[in-house]
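Notes follow once the structure below has been shown.
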Amino acid sequence: MKEEIRRYLKYDFAKACRLQLSRGGRGTIAAYRPQKRYRNLSHIPLHKYGRGNFCKFGIPAAWKQKEGVYLIVLNGEVKYVGECVDLHQRFYDYGTISPRKCFEGGQPTNCKINKLILRNAGEAVDVLFCLLPEGRKEAEKKLIEFLKPPWNGRL
């Protein structure tokens, strides 16, 4: 079977994988609240995306140390554009929310993307990737301007 390539502007994207969320014993999505495990001795407030449930997911290890631009695609529609130096690590960060990430000074983008993926858990969520060792930040900016993905920016 021939691999499907999607072209946006001058960039070719191949499917890296379809996200599979971790499931519990009964087959339901395993949701968790890492923020409850944080010893918040300084009374740091939760950031905008730090409340509520999160899910766990990752992508195959074959994507370690692959540098470029990725797309998160929901039912065929590009929802998010990002760039990375290691695609596997980037999706590990999205798919494994540690307690500290939920608070001010943490990582709101990781929490936001995780929540959006959890919210759309019953849908097909694919990761497309364009290997781009040079110029990835510029490509990301151009693609965001061109595609106007709804998950980039404030929700």
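Count residues from 1 along the sequence.
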Can you check whether T109's main-chain N or O pairs, donor with acceptor, with K101's side chain at less than 3.5 Å?
no

Any sub-3.5 Å donor-acceptor pair from N120's side-chain atoms to L116's backbone N or O?
yes

Is there a donor-acceptor contact under 3.5 Å from the side chain of K66 to the main chain of L131?
no

Strictly under 6.0 Å, is that where the ring centroids of Y70 and F91 end up?
yes

Looking at T28 and G24, would you say the former's side chain and the latter's main chain have a donor-acceptor pair under 3.5 Å?
no

Honestly, is K56 close enough over Y32, meaning NZ or CZ under 6.0 Å from the six-membered ring centre and within 45° of the axis?
yes

Any salt bridge between R136 and E140, counting N to O under 4.0 Å?
no

For Q35 and G52 the tightest heavy-atom approach is NE2-O, 2.9 Å

Examine distances only and state if a side-chain atom of N75 and a backbone atom of A124 form a donor-acceptor pair shorter than 3.5 Å.
yes

According to a hydrophobic-cluster definition based on side-chain heavy atoms being under 4.5 Å apart (Ile, Leu, Val, Met, Phe, Trp, Tyr only), do L74 and L118 belong together?
yes

Under the ring-ring contact (aromatic ring centres under 6.0 Å, His included) test against F129, which residue among W63, F13, Y11 passes?
W63

State whether Y92 and R90 meet the cation-pi test: NZ (Lys) or CZ (Arg) under 6.0 Å from the six-membered ring centroid, and within 45° of the perpendicular axis.
no

